[in-house]
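These notes concern the structure reproduced below.
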Amino acid sequence: MTQIRSVVLGCGSYLPEQVVTNAQLAARIDTSDEWIVQRTGIRERHIAAEGEFTSHLAIKAAQAALTDAGVDAQSIELIVLATSTPDNTFPATAVAVQHGLGINHGAAFDLQAVCSGFVFALATADNFLRTGAYKRALVIGAETFSRILDWNDRGTCVLFGDGAGAVVLEAQEQPGNPATDRGIVTTHLRSDGRHKAKLFVDGGPSSTQTVGHLRMEGREVFKHAVGMITDVIVDAFKATGLDAEGIDWFVPHQANKRIIDASAHKLHIAPEKVVLTVDRHGNTSAASIPLALAVARKDGRIKKGDMVLLEAMGGGFTWGSALVRW
């Protein structure tokens with residue numbers, strides 16, 4: 001029996017021009033390049049310029065994705081933007097992106113699941129497309145985390161960066177075989193609010209009337225990360241009958257190289273299948289997965305027909321996985 005799947009037509013990304021290296025941070029705070037690399041794998045990150053907003057990054061990533069897909073912006077009926085750093089409290093940053101692309105039809109909205117945001121947004125758009133509500137969608141992850149960092153807190157400010165990535169999805173009829181169908185094959189989302197205090201921002205319109213700063217209990221996050229990540233990936237394997245051998249590429253949330261390595265090892269995913277960009281981008285939250293996808297597409301690793309496994313974990317806690325046949 002045939003089935004509607006959300007097929008990836010193209011992907012794109014954008015990184016701000018300003019690059020901040022570990023050495024530059026070490027000149028400002030009590031840290032070192034060796035300390036940061038050893039614990040995180042991060043060597044540099046991009047920082048948005050003054051007056052450069054999340055919407056600006058998202059628009060440029062969306063334009064790159066549309067070009068890669070070879071489709072016109074006017075064919076987009078749905079925009080789902082994953083971000084924890086919106087331009088304004090309201091309206092949604094997605095409507096600024098919609099306007100910036102010259103689109104004045106369809107729907108556009110933000111989705112907030114922190115670092116898991118892109119996977120949550122992908123699953124949301126997939127459900128809209130599979131029901132027939134829309135035919136073509138833009139899914140974007142965009143962040144300016146530099147705006148919510150305490151630059152005197154060496155435990156957090158060295159970890160994050162700014163950037164945006166996007167994919168174009170189209171509803172297409174497929175044969176109905178999870179092992180061979182193109183498109184999003186399965187998604188699995190989880191959350192558990194008991195862990196809020198381990199990773200959060202200490203501000204907000206309702207609580208403090210301020211933006212606040214990111215606060216994190218790093219050891220606690222690390223302790224939970226590998227188990228939660230593998231949990232939703234095992235669910236994806238169960239849902240499809242696939243296993244690590246059937247995965248061509250593993251594109252995890254780019255938060256910490258040690259977490260990525262431990263997750264791949266636990267799942268028996270070969271190191272050569274892991275797409276790693278955290279060294280160049282740092283943790284860009286909801287933007288990290290599409291940024292990594294764009295890198296692996298551009299350098300020729302991810303090709304049409306490849307099975308790509310995505311996963312992420314973020315504040316809340318939230319976590320999720322997606323299996324996508326390119």
Distance-only side-chain donor-acceptor flag, T40 / N256, under 3.5 Å: no
Identify all side-chain donor-acceptor contacts of residues 309-318 below 3.5 Å with residues at least two apart in sequence or on another chain.
residue : atom : partner : partner atom : Å
T318    : OG1  : A113    : O            : 2.9
T318    : OG1  : S116    : OG           : 2.9

Heavy atoms from other residues, nucleotides or ligands near NE2 of H268 exceed 12 (cutoff 6.0 Å): no
Side-chain ion pair, K298 and D68, N-O less than 4.0 Å: no
Salt bridge (charged side-chain N to carboxylate O under 4.0 Å, His left out) between E217 and K198, worked out: CA-CA 5 Å; E217 298 176 15; K198 296 179 178 68; 5.6 Å; no
Exercise: identify the closest heavy-atom pair between G117 and L111: O-CD2, 3.9 Å
Pair T54-T93, side-chain donor/acceptor within less than 3.5 Å: no
Within 6.0 Å of CD in Q209, more than 12 heavy atoms from elsewhere: yes
Cation-pi check, R45 onto F160 ring (under 6.0 Å, within 45° of axis): no
All side-chain hydrogen bond (donor to acceptor under 3.5 Å, both in side chains) counterparts of T230, not counting sequence neighbours: none
Between H265 and S263: side-chain donor-acceptor atoms closer than 3.5 Å: no
For the student: nearest non-hydrogen atoms of V7 and Q174, plus distance: CG2-NE2, 4.0 Å
Over 12 non-hydrogen atoms of neighbours within 6.0 angstrom of CZ in R301: yes
Row check, W151 ring normal vs R28 NZ/CZ: under 6.0 Å, within 45°: yes
Enclosure of K257 NZ (heavy-atom neighbours >12, cutoff 6.0 Å): no
Spatial distance of atom OG (S288) from atom CD (Q254) [nearest 0.5 Å]: 5.5 Å
Residue E34 excluded, over 12 heavy atoms near CD under 6.0 Å: no
Verdict with supporting geometry, I29 and V158, side-chain contact (heavy atoms from CB on, under 4.5 Å): CA-CA 10 Å; I29 59 172; V158 302; 4.0 Å; yes
